[in-house]
Amino acid sequence: MSTLAIVQCGQRKIWDKHPDAGPTAAKDAYVSPYFRMNRAYAERFADQWVILSAKYGFLDPDTKIRNYNVTFLKSSTHPISVDKLRRQVPQMRLCNFKKVIVIGGADYGRMVQQSFDEIGCRIDLLFKKYKRIGYIQQAVRNALKTGRPLKQ
């Protein structure tokens, strides 16, 4: 079964420490330990992975991006719309996967579900059962250590 992982972007970015970094590959732009751990999970347990950015939408990890501060949690930051995300799904051939795993919080999970609602593939929200980030990080670390993916 082919699996796509969608990793939540992060607030901490390379430009926080290196303001002159310029356009950077999305996979290297997000620098928090949380993002890096989730990226490692996606690279290990999925056939392909993308990043979900509130500004850019679905990003191929090698796509170069610029600094931004947009979140799905504040409409005043003007996050990408569900309609635009829905258009990206076929454009990026994300609809060719039988299973999609969301590696991120509930808000990102909802955006993915709405984006794929007409596609008919299985969406797994990996972190749905965890109440706190510490439990999530522990579970992801354990999965990476043991080589056994998380179950929803």
Side-chain angles (χ1 to χ4, degrees), residues 1-16 19 21-133 135-137 139-140 143 149-152:
M1 176 186 291
S2 59
T3 300
L4 171 68
I6 299 176
V7 179
Q8 172 182 330
C9 68
Q11 183 176 0
R12 288 185 35 205
K13 299 174 191 74
I14 193 165
W15 301 280
D16 296 338
T24 302
K27 66 184 178 188
D28 300 321
Y30 306 101
V31 296
S32 72
Y34 181 71
F35 175 82
R36 288 195 312 255
M37 188 182 313
N38 292 342
R39 171 188 169 177
Y41 185 94
E43 290 174 337
R44 180 148 187 199
F45 296 111
D47 299 302
Q48 183 178 329
W49 69 287
V50 296
I51 299 162
L52 178 52
S53 158
K55 176 176 176 68
Y56 296 103
F58 297 111
L59 287 168
D60 180 276
D62 293 318
T63 299
K64 292 197 183 254
I65 62 170
R66 296 182 180 276
N67 194 12
Y68 68 94
N69 190 15
V70 178
T71 176
F72 289 121
L73 301 176
K74 289 184 182 177
S75 61
S76 63
T77 64
H78 306 289
I80 192 167
S81 69
V82 172
D83 287 337
K84 287 183 182 176
L85 290 171
R86 282 185 181 134
R87 288 193 297 272
Q88 286 182 326
V89 170
Q91 287 170 353
M92 295 179 68
R93 296 187 175 109
L94 303 179
C95 51
N96 295 344
F97 294 87
K98 300 235 186 293
K99 179 179 174 185
V100 175
I101 57 173
V102 179
I103 305 173
D107 295 312
Y108 284 80
R110 276 191 296 280
M111 295 304 288
V112 171
Q113 287 176 318
Q114 291 172 18
S115 302
F116 282 78
D117 64 359
E118 298 172 4
I119 303 299
C121 61
R122 187 172 121 200
I123 308 278
D124 285 347
L125 307 177
L126 286 190
F127 300 160
K128 187 176 182 178
K129 68 181 179 181
Y130 300 102
K131 300 294 181 204
R132 297 183 186 205
I133 194 168
Y135 295 123
I136 292 169
Q137 291 173 313
V140 172
L150 297 172
K151 298 198 187 305
Q152 184 179 350

When rounded to the nearest 0.5 angstrom, what is the spacing between [atom1] in [X] and [atom2] in [Y]?
| X | Y | atom1 | atom2 | answer |
| --- | --- | --- | --- | --- |
| Lys99 | Asp47 | NZ | CG | 10.0 Å |
| Ile136 | Lys128 | CD1 | NZ | 13.5 Å |
| Gln11 | Tyr34 | CD | OH | 13.5 Å |
| Gln88 | Phe58 | CD | CZ | 6.5 Å |
| Asn38 | Gln8 | CG | CD | 7.5 Å |
| Met92 | Leu85 | CE | CG | 10.5 Å |

Between [X] and [Y], which heavy-atom pair has the shortest distance, and what is it?
| X | Y | value |
| --- | --- | --- |
| Lys13 | Gly10 | NZ-O, 3.4 Å |
| Ser2 | Phe97 | OG-CA, 3.7 Å |
| Gln137 | Met37 | O-SD, 3.5 Å |
| Ala46 | Ala5 | CB-CB, 3.6 Å |
| Trp49 | Ile51 | CZ3-CG1, 3.5 Å |
| Thr24 | Trp15 | OG1-CZ2, 3.8 Å |

Original post:
Less than 4.5 Å apart, any side-chain heavy atom of Leu4 and any of Gln48?
Top reply: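 Counting from C-beta outward, Leu4 and Gln48 do come under 4.5 Å.
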
**OP:** Check whether any side-chain heavy atom of Asp16 lies under 4.5 Å from a side-chain heavy atom of Val31, and answer yes or no.
**Re:**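 The answer is no; the side chains never approach within 4.5 Å.
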
Subject >> side-chain hydrogen bond (donor to acceptor under 3.5 Å, both in side chains) partners for Tyr68, two or more places apart >> reply: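 Tyr68 satisfies side-chain hydrogen bond (donor to acceptor under 3.5 Å, both in side chains) with Tyr30, Ser53 only.
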
Original post:
side-chain hydrogen bond (donor to acceptor under 3.5 Å, both in side chains) with Asn96: which residues, sequence neighbours excluded?
Top reply: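 Testing Asn96 for side-chain hydrogen bond (donor to acceptor under 3.5 Å, both in side chains), a comparison that skips the adjacent residues, returns none.
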
Subject >> Sequence-distant partners of Tyr41, ring pair (Phe, Tyr, Trp, His ring centres under 6.0 Å), two or more places apart >> reply: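 Applying ring pair (Phe, Tyr, Trp, His ring centres under 6.0 Å) to Tyr41 gives Phe45.
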
**OP:** Under the side chain to side chain contact (heavy atoms under 4.5 Å, CB included) rule, what do Phe127 and Leu150 come out as? Steps first, then yes or no, please.
**Re:** CA-CA 9 Å; Phe127 300 160; Leu150 297 172; 4.0 Å; yes

Subject >> Qualifying residue for side chain to side chain contact (heavy atoms under 4.5 Å, CB included) with Val50, from Val100, Thr63, Val7, Leu94 >> reply: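 Only one of Val100, Thr63, Val7, Leu94 forms a side chain to side chain contact (heavy atoms under 4.5 Å, CB included) with Val50, namely Leu94.
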
Subject >> Qualifying salt bridge (charged side-chain N to carboxylate O under 4.0 Å, His left out) pairs, either residue in residues 29-46, two or more places apart >> reply: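 Residue pairs passing salt bridge (charged side-chain N to carboxylate O under 4.0 Å, His left out), neighbours aside: Asp28-Arg39, Arg39-Glu43.
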
Original post:
With sequence neighbours left out, which residue pairs that include part of residues 72-83 fulfil the salt bridge (charged side-chain N to carboxylate O under 4.0 Å, His left out) condition?
Top reply: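 Counting only pairs at least two positions apart or across chains, the salt bridge (charged side-chain N to carboxylate O under 4.0 Å, His left out) contacts touching residues 72-83 are Asp83-Arg86.
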
Original post:
Is there a donor-acceptor pair under 3.5 Å between the side chain of Thr77 and the backbone N or O of Thr71?
Top reply: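 Yes, the answer is positive, given that a donor and an acceptor are paired below the 3.5 Å cut-off.
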
Please tabulate, for side-chain N and O atoms in residues 101-116, each donor-acceptor pair with protein atoms closer than 3.5 Å (sequence neighbours left out).
| from | atom 1 | to | atom 2 | distance (Å) |
| --- | --- | --- | --- | --- |
| Asp107 | OD1 | Arg110 | NH2 | 2.3 |
| Ser115 | OG | Met111 | O | 2.6 |

